[in-house]
Amino acid sequence: MTDTVPDNYRPEQVEAKWRARWAERGTNQPDLDHAARPFYNLMMFPYPSAEGLHVGNMFAFTGSDVYGRFKRLQGYDVFEPIGYDAFGIHSENYAIKVGLHPAELIPRNIANFRRQLERVGGMFDWRHSLSTTDPSYYKWTQWIFLQLLKAGKAYKKKAAVNWCPFDKTVLANEQVEGGLCERCKTPVEQRFLEQWFFRITDYCDRLLANLDTLDWSDTTRTAQRNWLGRSEGAEITFEVAAAPAAQPPNRPIAGITVFTTRPDTLFGATFMVLAPEHPLVGRLTTPAQAAAVGAYIEAAASKDLVSRKVGDRDKTGVPLGAMAINPVTGHEIPIWIADYVLMEYGTGAIMAVPAHDERDFAFALKYGLEIVRVLAPERVDPASVPGNSAMVAAETDTAGYVLVNSGKFDGRPAEEAKRLITAELAERGQGKPVVQFRLHDWCISRQRYWGPPIPVIYCDSCGPVPVPEKDLPVILPPIEDFRPDDSGISPLARHEEWYYVPCPTCGQRGRRETDVSDTFLDSAWYYLRYPSSEFDDRPFDPARTKKWCPVTTYIGGNEHAVLHLLYSRFLAMVLKDLGHIDFEEPFTRFRAHGLIVKDGSKMSKSRGNVVIPDEYIAQWGADTFRMYLMFLGPLQDGGDFREAGINGPRRFLDRVWLMVTEAEEGGELQKSLVVRWHATKKKAAEDIDGLRYNTAIAALMELVNAMKEAGSRDRAIIADLIVMLAPFAPHFAEECWERLGHTTSVFDARWPAWDEELVVADELEVPVQIGGKTRARIQLLRGSDEATAVAVAKADPTVQKFLEGKTIRKIIYVPDRLLNLVIG
RNA sequence: GCGACCGUGGCGGAAUUGGUAUACGCGCCAGACUUAGGAUCUGGUCCCGCAAGGGGUGUCGGUUCGAGUCCGACCGGUCGCACCA
């Protein structure tokens, strides 16, 4: 393909030359201790798959790199590190599939990733690369666990996991397909294991409130808000009507507390539902119901977590036999259990208001339970609404609805009634206003091999003992049988030579924790490690961290808009509270890049439409490939990869190269070209800053077109053009820069300044509309007043034709923009 | 179901945020240079019309001097979340 390029420009050689020179000169290595204007440009680090980076990854990395290079040209000391998120279930599953040990596979993949990342011309500071699988990294991941443990932010409790009874192993949610184990197709069950949790729920209010202060896109902030899921409501306590036989008389049940966002509908609560796991279930079950209840609980427990939550919505349930008392109506209502009520949310119990909740409505219809309507549109006469009405569907709106069948609250708007009823219950000691979050504590335990061992030792005398910091890292042992097998325990739990260690406190035989931690913990703090990656004795150096953190601009995928960003924010808050860092929001500015699609669908291995960039880069060169990707569409939208379009950027670079070789000291420049030149400097800068790379490139193309049209090879314009091109085509720009006679890197140059006065031409073409339709165009001096504009317009023959015999009723004049003559 | 976003040429996409719709590029058509061209260069390229002119941004309606942009309804699509009380 080199024969299609001007024969003195060979991308392959030129790019190799500049890669070598950048490495030699340390061009991409800012002085981390003395930088005057630090700018931390971060890209989400990749998981090093065996396939290598695909075109979608390249799009994202290049997008981030363009931004970093642009900031550098603006005079910032840009730190742009890259690393590998190499622990976790993806890597482990792939290793299992191809029959290799992950410890063997991962370094190979990393080497390939690094080759690709260097080849595409990223401005990465390789001195500060890292992999989460490196003991010098996960030592500090374990250290962070210990800090949380010491601070009481880590705790252990029993929680459900997916369990395959055939493979006898724990499955991640993504390994469960339709309730079946993806490998052996056996129905998956729930098992309850002791697992480690982080108290992220202690930070709900801060995680929510801070969102308003962040320069993040609205979609990401909305996603975080939804995930946090704040809702205001009330807890209401229902008394139990009569002691059922199962309830020991010496331990009366004080009451059952429910959470509701709709206290206004309390009069319509005709039954109550508990989660099958609710602790009071046993004591509320009458002997007559015991068998049915027991069977139901067992059935619910054997459902896997995925289908329990997202599977069939068919409501099922069983009455316990006991009755509760509605605190406002005094009526006895039956207590049921049903698996549509989740133990993890609220109190694990609900008051069911079938008339005004879809789920309760469906449940009531199925089991013939009473439906009492307590809200009606405000126009309806409350007296006319029957107490027990046949409804077609639940009415769940509050706006425009008032209470009916609700005693003294009849006629009150629903929103007002929420407050009134809650207040009345509070007075009686039967309720209180409560704010609930959907977010749960973060379970970090994984019953897997490929992760950092959780640094805890269990001792019969001392209980769980943290591994002393001096003993970190707890090295992940290189065992061969890392695969899940039918022994039914975590891989590390098969190795007593590893897990039996003396208790750090008493010296007796202790047993290591054999679970590893979640990959999200690895990635929740990596940005802190990059600037300090060379220090062995501290996770992040205080001075370095102060200089470089928080991250100035973070770019990454939307798939991490919720969990990764939330966990990172949480951890920063904890580290700040513990005095380790002095900020609590790790990413000042975050933008999500779009996805590259191929033939209209998302690139994925399963669709078989993954495009590997290597061959394109080999054929066209990295610069052309980068330009092509960035020209596809706005970074935040992504684009459709079609090989055909790659011609455009290549031809463009060829033309620019030709111009560089023909550059000459300019004589007189056409005024229109000068305007285009200055306008381009401004527009390209603004567009790049807004990540609108596609229009920035278009502006550069327009400048080149204008030069061709004017027959100009002006050296000054060409030099500016090369600087503006440098973020997109870094090797090319360096070569041109050198050709223009410079001996230093183009990235030591500055983005060209523009003269605001020269950005707009002195003489403008202004459209003249007659009655809102464009009829003519007139030439006006910039800043002409209305009278002048009208006079010039009236002199125009076409305008005259349209005005003939008409009177001008109104004149709308937007200076330099448009003149509209409204005729009668 | 809930939430967010989006519908512009043959295609990817522009449109100064209410002010010349289709910038830039791909593709296509014609021509030039060529033994040759999947290279390069020049010109053309929303639709109807010889022209004057008319129509046109998913559909229908509205606000406005003026709407791709704002409002309402509908049609179509993408992405999240999904029994959260």
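What's counted below: heavy atoms across the whole structure, side chains too, no hydrogens, waters or symmetry copies.
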Exercise for review: Quick one, give me the B/S/- string for nucleotides 14-23 of chain B, reading 5' to 3', where B means a protein heavy atom under 4.0 Å from the base and S means that only happens at the primed atoms, P, OP1 or OP2.
Suggested key: S-B--BB--B

Point to revise | Rounded interatomic separation in angstrom, taking CD from A/Glu662 and C1' from B/rU40 | key: 13 Å

Point to revise | Mutual orientation of the aromatic rings belonging to A/Tyr628 and A/Phe625 [parallel < 30°, tilted 30-60°, perpendicular > 60°] | key: tilted

Review point. Is the number of heavy atoms from other residues, nucleotides or ligands within 6.0 Å of CD (A/Glu358) greater than 12?
Key: no

**Study point:** Counter-base of B/rU22, judged by Watson-Crick or G-U geometry with both distances under 3.5 Å
**Key:** none

Check your understanding: So, is A/Arg651 near the phosphate of B/rC26, with a side-chain N or O under 4.0 Å from OP1 or OP2?
Key -> yes

Exercise for review: Determine which nucleotide pairs with B/rA14, using a 3.5 Å limit on both distances of a Watson-Crick or G-U wobble pair.
Suggested key: none

Check your understanding: Should B/rA36 form a Watson-Crick or G-U wobble pair with both distances under 3.5 Å, which nucleotide is its partner?
Key -> none

Practice item. Figure out the CG/C1' separation between A/Asn558 and B/rC81, and round it to whole Å. Key: 13 Å

Check your understanding: Should the pair A/Arg692-A/Asp637 be classified as a salt bridge under the 4.0 Å nitrogen-to-oxygen rule?
Key -> no

Check your understanding: Taking the inter-plane angle between the rings of A/Tyr567 and A/Phe520 on a 0 to 90° scale, is it parallel (under 30°), tilted (30 to 60°) or perpendicular (over 60°)?
Key -> perpendicular

Exercise for review: Using a 4.0 Å heavy-atom cut-off across all strands, classify A/Lys801 as base, sugar-phosphate, or nothing.
Suggested key: sugar-phosphate

Review point. For A/Asn705, which contact category applies under a 4.0 Å heavy-atom criterion: base, sugar-phosphate, or nothing?
Key: sugar-phosphate

Practice item. Round to a whole Å and report the spacing from CD1 of A/Ile335 to P of B/rA85. Key: 22 Å

Check your understanding: Is B/rG76 paired to anything, Watson-Crick or G-U wobble with both distances less than 3.5 Å, and if yes, which nucleotide?
Key -> B/rC6

Review point. Applying a 3.5 Å limit to both distances, which nucleotide forms a Watson-Crick or G-U wobble pair with B/rG53?
Key: B/rC48

Check your understanding: Are the charged groups of A/Glu415 and A/Lys418 less than 4.0 angstrom apart, N to O?
Key -> yes

Check your understanding: Atom CD1 of A/Ile808 to atom C1' of B/rC65: distance rounded to whole Å?
Key -> 13 Å

Check your understanding: Would you say a side-chain N or O of A/Arg221 is under 4.0 Å from OP1 or OP2 of B/rG80?
Key -> no

Practice item. Return the nearest nucleotide to the side chain of A/Phe259; candidates are B/rA4, B/rA85, B/rG12. Key: B/rA85

Review point. Which whole-number value in Å describes the distance from A/Leu658 CG to B/rA39 C1'?
Key: 14 Å

Check your understanding: Can you tell which of B/rA4, B/rA85, B/rG54 lies closest to the side chain of A/Ser231?
Key -> B/rA85

Practice item. Round to a whole Å and report the spacing from CH2 of A/Trp657 to P of B/rU40. Key: 18 Å

Check your understanding: Within less than 4.0 Å of OP1 or OP2 of B/rA85, is there a side-chain N or O belonging to A/Arg262?
Key -> no

Practice item. Output the distance between atom OG1 (A/Thr680) and atom CG (A/Asp687), rounded to the nearest 0.5 Å. Key: 10.5 Å

Review point. If you check the A/Met701 side chain, which of B/rG3, B/rG25, B/rA52 turns out closest?
Key: B/rG25

Practice item. Tell me the partner of B/rC70, counting only Watson-Crick (N1-N3 plus N6-O4 or O6-N4) or G-U wobble (N1-O2 and O6-N3) with both under 3.5 Å; none if nothing fits. Key: B/rG62

Point to revise | A/Asp357/A/Arg262 salt bridge by N-O under 4.0 Å criterion | key: no

Study note, to complete from the structure: Scanning all shown strands, the Watson-Crick or wobble mate of B/rC81 with both distances under 3.5 Å is B/rG1

Check your understanding: Taking atom C1' of B/rA39 as reference, at what distance in whole Å does atom CD of A/Gln619 sit?
Key -> 14 Å

Check your understanding: Counting side-chain heavy atoms from C-beta on, which of B/rC65, B/rA85, B/rA82 comes nearest to A/Lys810?
Key -> B/rC65

Point to revise | Watson-Crick/G-U partner (both atom distances under 3.5 Å) of B/rU42 | key: B/rA30

Exercise for review: Using the side chain to side chain contact (heavy atoms under 4.5 Å, CB included) rule, pick out the option among A/Thr347, A/Leu274, A/Ile236, A/Thr237 that qualifies with A/Ile256.
Suggested key: A/Leu274

Exercise for review: Test the A/Lys315-A/Tyr340 pair against the cation-pi criterion, namely NZ or CZ under 6.0 angstrom from the six-membered ring centroid and within 45° of the ring axis.
Suggested key: yes

Review point. Taking CG from A/Asn647 and P from B/rG27, how many angstroms apart are they, rounded to a whole number?
Key: 5 Å

